[in-house]
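All remarks here apply to the structure that follows.
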There are 2 protein chains.
Amino acid sequence: MRLTTKGRYAVTAMLDLAINQHTRPVTLHDIASNQEISLSYLEQLFARLRKSGLVKGTRGPGGGYRLAREPVEISIADIITSVDERIDITRCAGREDCHDGERCLTHELWADLSDKIFQFLDEISLGELIDRERSRVDALTAKADSSNDYDSRAARVVFDSKPPVSRRTGT
Amino acid sequence: MRLTTKGRYAVTAMLDLAINQHTRPVTLHDIASNQEISLSYLEQLFARLRKSGLVKGTRGPGGGYRLAREPVEISIADIITSVDERIDITRCAGREDCHDGERCLTHELWADLSDKIFQFLDEISLGELIDRERSRVDALTAKADSSNDYDSRAARVVFDSKPPVSRRTGT
DNA sequence: ATTTAAACCCATTGTTTTAGTCGGTAATTA
DNA sequence: TAATTACCGACTAAAACAATGGGTTTAAAT
């Protein structure tokens with residue numbers, strides 16, 4: 001399973017759709033200006049999402065994209081596997097050129113790991129992600145209202161994910 | 001957090017070291033021929049792993065690499081974050097150009113997700129991975145010994161990870 | 001001492017993926 | 001009919017991945 005900004009673009013775009021699921025179709029133009037990425041690149045991503053049956057597009061004025069299913073029925077894994085190629089040709093594709101047991105061991109270990117990550121991402125749906133975030137933001141808003149400054153919260157929200165400090169090593 | 005074959009090469013190579021941790025240093029030449037990847041590319045990866053303090057190299061004949069810490073003290077996240085660039089320049093790096101609440105929302109959502117994945121990978125150590133696999137293989141071996149064919153197990157071990165079927169959609 | 005096996009270093013190249021650009025066509029609404 | 005949108009395909013640019021090739025140290029073995 002590959003995990004890059006490409007899948008991230010797709011997930012954030014799908015969240016945009018999920019939020020407006022029962023109000024209006026969202027145009028790629030909207031998403032492009034929201035996220036400041038190119039319209040044509042979004043089109044490429046949505047071509048994949050459409051082929052995977054995750055979104056439906058309607059043309060013409062007032063048109064745009066909607067989720068093909070309810071947000072709860074779409075997992076993050078669905079989205080990410082939809083947009084990346086994933087042909088995954090490995091050197092050790094058959095038994096024949098696998099000369100020692102050790103190599104097979106590490107292959108299998110990685111396969112297990114990869115499966116775990118997939119399962120993790122497959123157990124989170126767009127719907128759950130929104131609910132989770134909504135309650136978190138509500139809590140923060142309530143806290144901010146009772147105190148004085150709004151900026152401390154805003155600062156938290158704008159910064160992007162950095163790899164946190166390791167639990168084991170402290171580096 | 002980026003997750004590609006690059007990190008995977010690093011993890012499998014580190015497993016090689018972990019397995020031989022208390023016997024002998026492992027040469028990059030060994031790993032290169034085991035995994036069938038270029039020696040020089042491995043050198044590039046190990047330059048990073050060394051700078052991160054995960055491995056120690058000793059030169060000369062009989063030399064090679066050892067883990068700098070015990071396998072239990074090295075997480076998969078340590079390895080992966082060590083080999084990939086992770087400059088992660090985002091468009092919305094500061095508060096100033098973040099024009100609407102929605103965009104910040106999705107950013108934060110992704111950051112949360114990214115953190116979860118990191119934590120997941122940070123809770124698995126090389127040591128645990130080996131133990132887990134050892135017991136799994138032992139169980140399979142016992143089963144194979146009591147029956148007749150060896151091939152069914154071998155077939156499972158050589159094939160690489162494919163994205164499994166989605167829990168939600170069946171696709 | 002000399003040879004040899006290894007890490008270590010760096011610059012370059014090729015390949016793939018990511019991201020963006022351009023110029024359209026088709027459908028739909030106003 | 002005009003405007004707005006999805007949809008399509010080919011092309012380009014930039015970045016990351018992966019490999020190549022030329023070294024130099026270091027240290028053990030001969």
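Note that the coordinates shown come from a computational prediction; the quantities given were computed from them, not determined experimentally. The sequence lines fix the lettering, A, B, ..., with proteins before strands; numbering per chain opens at 1.
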Checklist line | Residues that A/Q44 engages under side chain to side chain donor-acceptor pair (under 3.5 Å), provided they are two or more places apart | finding: none

Check: Checking all strands, does A/L28 fall into the base, sugar-phosphate, or nothing category for heavy-atom contacts under 4.0 angstrom?
Finding: sugar-phosphate

Checklist line | Angle of first-five versus last-five pair axes in the helix from C/dA1-D/dT30 to C/dA30-D/dT1, to 10 degrees | finding: 10°

Item checked: Heavy-atom closest pair, residues A/E128 and A/E123 -> OE1-O, 3.1 Å

Notebook entry, point to check: Is a side-chain donor or acceptor of B/D122 paired with a backbone partner of B/Q119 at a separation under 3.5 angstrom?
Noted result: no

Next item on the list: Could you tell me the separation between the CD atom of A/Q35 and the P atom of C/dA19, rounded to a whole number of Å?
Entry: 12 Å

Item checked: Between C/dT15 (P) and B/I37 (CD1): distance, integer Å -> 19 Å

Check: Of B/V26, B/L45, B/L129, B/L54, which is the lone residue that meets side chain to side chain contact (heavy atoms under 4.5 Å, CB included) with B/M14?
Finding: B/L54

Item checked: Nearest-Å distance for atom pair OH/P, residues A/Y41 and D/dC8 -> 18 Å

Margin query: Nearest to the A/T4 side chain among C/dA19, C/dT18, D/dA18, which nucleotide is it?
Written below: C/dT18

Margin query: Could you go through A/L17 and A/I31, starting from their C-alpha distance and side-chain angles, then the distance that decides it, and tell me whether this counts as side chain to side chain contact (heavy atoms under 4.5 Å, CB included)?
Written below: CA-CA 9 Å; A/L17 264 59; A/I31 298 174; 3.7 Å; yes

Note to self: Measuring to OP1 and OP2 of C/dT18, would you say a side-chain N or O of A/Y9 lies under 4.0 angstrom away?
What the structure shows: no

Margin query: Tell me whether the rings of A/F46 and A/Y65 are parallel (<30°), tilted (30 to 60°) or perpendicular (>60°).
Written below: tilted

Next item on the list: Round to the nearest Å and state the distance from A/R48 atom CZ to D/dA6 atom P.
Entry: 18 Å

Checklist line | Whole-Å distance separating the NZ atom of A/K56 from the C1' atom of D/dC7 | finding: 17 Å

Note to self: Can you build the contact string for nucleotides 21-27 of chain D? Use B for base contact, S for sugar-phosphate-only contact, and - for no protein heavy atom under 4.0 Å.
What the structure shows: B---BBB

Next item on the list: Examine C/dC8: is either OP1 or OP2 under 4.0 Å from a nitrogen or oxygen in the side chain of B/R50? Give yes or no.
Entry: yes

Margin query: Please report the distance, rounded to the nearest Å, between CG in A/D84 and P in C/dA19.
Written below: 11 Å

Checklist line | Whole-Å gap separating P (D/dA28) and CZ (B/R24) | finding: 18 Å

Next item on the list: Could you tell me whether B/F46 contacts a base, only the sugar-phosphate backbone, or nothing, with contacts defined as non-hydrogen atoms closer than 4.0 Å?
Entry: nothing

Next item on the list: Compare every heavy atom of A/R66 with every heavy atom of A/R24, then report the nearest pair and how far apart it is.
Entry: C-NH1, 3.8 Å

Check: B/L42 CG to C/dC8 C1': how many Å, rounded?
Finding: 14 Å

Notebook entry, point to check: Does the side chain to side chain contact (heavy atoms under 4.5 Å, CB included) test come out yes or no for A/D16 and A/D30, once each step is laid out?
Noted result: CA-CA 9 Å; A/D16 231 330; A/D30 289 345; over 6 Å; no

Note to self: On DNA chain D, compare the nucleotides closest to A/Y65 and A/Q44; which residue's is nearer the 5' end?
What the structure shows: A/Y65

Next item on the list: For side chain to side chain contact (heavy atoms under 4.5 Å, CB included), just list the numbers for A/D84 and A/T4, CA-CA rounded to whole Å, side-chain angles, deciding distance to a tenth of an Å, and then say yes or no.
Entry: CA-CA 9 Å; A/D84 66 27; A/T4 64; over 6 Å; no

